[in-house]
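Take a look at the structure set out below.
Just so it is clear: chains get the letters A, B, ... in the order the sequence lines come, proteins before strands, and each one is counted from 1. What's counted below: heavy atoms across the whole structure, side chains too, no hydrogens, waters or symmetry copies. All values reported here derive from a predicted model rather than from experimental measurement.
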Amino acid sequence: MRLSRYFLPLLKETPAEAQIVSHRLMLRAGMLRQEAAGIYAWLPLGHRVLQKVEQIVREEMDRAGAVELLMPTLQLADLWRESGRYDDYGAEMLRITDRHERELLYGPTNEEMITEIFRAYVRSYKALPKNLYHIQWKFRDEQRPRFGVMRGREFLMKDAYSFDVDEAAGKAAYNRMFVAYLRLFKRMGLSAIPMKAETGPIGGDLSHEFIVLAQTGESQVFLDRRMLDLPVPGEDVDYEGDLEPIVTDWTRLYAATEDVHDADRYGRETPEADQITARGIEVGQTFFFGDKYSKPMKAVVSGPDGVERPVQMGSYGVGVSRLLGAIIEASHDEAGIIWPDAVAPFGVGIVNLRPGDAATDRACEEAYVALKQGGKEPLLDDTDERPGGKFAAMDLIGLPWQLIIGPRGLAEGKVEVKRRASGERHTLPLVEALSMMGA
RNA sequence: CGGGGCGUGGCGCAGUCUGGUAGCGCAUCUGCUUUGGGAGCAGAGGGUCGCAGGUUCAAAUCCUGCCGCCCCGACCA
């Protein structure tokens, strides 16, 4: 992409409404525009990152055996009356009436709908296990939206739902999601720690919140330092096999958010030297809730014994749009965002220091084509902006690599490569620069 | 939902107390000079002062009502 043709409205000054760093940087970097409290338009740069994050979630869900579908944003109120949640859900649920006076709602989640879909088609244990997910916009009419995209009213969420014949199979399905979550957050460059979570009225102890550690996190968390060193399962993890050992490894050590923190247990189980108190951002949550919805909504399957029983369900959410905020909270400096390679909107920013200079233009063009062919998704700054402004802009939008090309360096046959994360720079011939960046 | 604050060119703000026909910085446009870490000079454009009523000769400024947004708290993926 050539910057001169792109749409990247950068802000030199921070809009007054933004307080936390990720919100400020997203506005300044031209990723986001607020349209109403907690409702945002995703500008091209933000949209690209959103899609990258979404794609990683999708790949890891698919790898774990989940199947993607897409449910609508609007749902019928009657569906929610079946589970009893229409009345339980408070003002957070956005209720809408259509021209026929039918009551609708903008879905805050999809347990009811997925259960309805499942029960319409599945009757036998032989069709199980199943895990269906979608990535869709949700709406929760928060009383007080804040922190930009981290607590908006409209948000993009991946939610998966597992269906199993009995509790043991349900637990295995839960484990698959647990492992998939470890992997997908890791791929985004995040260290997300599963922490025991409140299950609320659902009961049982099978629920975890996945928390990203960041200094500016919204809530306080307590954990065993050794959790940070646990190995994340690789691409070759066998989702057909027994994942219990991995889950046990990741749940044995103490890790809790402030609302479920047990100071006595913490002191007992975790050596003082390994105790960490930090701030965290919740980016995902896993639940196993058995027949909470399948029972009232009559989603039943026949077992091998010919007896019909409610299917055992779990649900697994990832806050896709929220993740952008979390990633920035966890990865930025004074100058701007530092994107992890896997989610960066562009792989390399090429800075043409002197557009109009024949040799410089030629070298930039050569680099642009090579990087593009190498799948590096370059963004070429071919604007008339002054060098200082270009450098500041590149640092702000946080592309992993900067390739700086100008007449001064070219006179020596060299260009400069800068790694955004470390600030490390190298002056070297263009070919070498390209191979350094993997093109 | 309780408490506090704010709404003035695209962005950041001053002006409001004490009414007199709107200003600063950045950004934008034009010209010239500049060009390796947010340039200089000269000129230009752009504002129903959140909205609606009211008071007044006169309202960004005073009064009433409404709307929007932000912060702290309670609540939440």
Measure from NZ or CZ of [X] to the centre of the six-membered ring of [Y] and say whether it is under 6.0 Å with the direction within 45° of the ring axis.
X: A/R95; Y: A/Y86; result: yes
X: A/R419; Y: A/W401; result: yes
X: A/R48; Y: A/F346; result: yes

Hey, which of these two, A/R33 or A/F155, hits RNA chain B nearer its 5' end, going by closest nucleotide? A/R33
Which sits closer to the 5' end of RNA chain B, A/G409 or A/E218, going by the nucleotide each is nearest to? A/G409
Check every strand shown and say whether [X] touches a base, only sugar-phosphate, or nothing at a heavy-atom separation below 4.0 Å.
X: A/A91; value: nothing
X: A/G406; value: base
X: A/Q143; value: base
X: A/R425; value: base
X: A/D395; value: base
X: A/G90; value: nothing
X: A/K418; value: base
X: A/R153; value: nothing
X: A/G389; value: base
X: A/A16; value: sugar-phosphate
X: A/T109; value: nothing

Integer angstrom distance from the [atom1] of [N] to that of [M]:
N: B/C24; M: B/C32; atom1: C1'; answer: 26 Å
N: B/G25; M: B/G9; atom1: C1'; answer: 13 Å
N: B/A42; M: B/A60; atom1: C1'; answer: 32 Å
N: B/C70; M: B/C13; atom1: P; answer: 14 Å
N: B/U61; M: B/C17; atom1: P; answer: 9 Å
N: B/U8; M: B/G47; atom1: P; answer: 15 Å
N: B/U16; M: B/G23; atom1: C1'; answer: 14 Å
N: B/C41; M: B/U34; atom1: P; answer: 16 Å

May I ask which nucleotide in the shown strands pairs with [N], Watson-Crick or G-U wobble, both distances under 3.5 Å?
N: B/A14; result: none
N: B/G65; result: B/C51
N: B/C57; result: B/G20
N: B/G36; result: none
N: B/A44; result: B/U28

Where do A/L380 and A/C364 land on the side chain to side chain contact (heavy atoms under 4.5 Å, CB included) test, with the steps shown first? CA-CA 8 Å; A/L380 169 60; A/C364 286; 4.0 Å; yes
As a test of reading the structure: which of [options] is closest to the side chain of [X], going by heavy atoms?
X: A/Q34; options: B/C1, B/G12, B/C70; result: B/C70
X: A/R386; options: B/G12, B/G36, B/U34; result: B/U34
X: A/I404; options: B/C70, B/G73, B/G36; result: B/G36
X: A/A37; options: B/C13, B/C26, B/C69; result: B/C69
X: A/L353; options: B/U35, B/G36, B/G38; result: B/G36
X: A/A392; options: B/G38, B/C75, B/C11; result: B/G38

Calculate the interatomic distance between [X] atom [atom1] and [N] atom [atom2]; express it in whole Å.
X: A/F147; N: B/C69; atom1: CZ; atom2: C1'; value: 16 Å
X: A/L8; N: B/G38; atom1: CG; atom2: P; value: 20 Å
X: A/D357; N: B/U34; atom1: CG; atom2: C1'; value: 15 Å
X: A/Q19; N: B/C69; atom1: CD; atom2: C1'; value: 12 Å
X: A/M93; N: B/C75; atom1: CE; atom2: C1'; value: 17 Å
X: A/R146; N: B/C1; atom1: CZ; atom2: P; value: 16 Å
X: A/D384; N: B/U34; atom1: CG; atom2: P; value: 16 Å
X: A/E13; N: B/U28; atom1: CD; atom2: P; value: 13 Å

Do [X] and [Y] have their ring centres less than 6.0 Å from each other?
X: A/Y254; Y: A/H261; answer: yes
X: A/W250; Y: A/F178; answer: no
X: A/F118; Y: A/F163; answer: yes

For [X] and [N], is the shortest distance between a side-chain N/O and OP1 or OP2 below 4.0 Å?
X: A/R408; N: B/G36; value: yes
X: A/R151; N: B/C76; value: no
X: A/K12; N: B/C11; value: no
X: A/R144; N: B/C72; value: yes

Do the side-chain N and O atoms of A/D395 and A/Q402 include a donor-acceptor pair separated by under 3.5 angstrom?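 Yes, A/Q402 and A/D395 have a side-chain donor paired with an acceptor closer than 3.5 Å.
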If every non-hydrogen atom of A/L371 is compared with every non-hydrogen atom of A/M437, which pair is closest and at what distance? CD2-CE, 4.2 Å
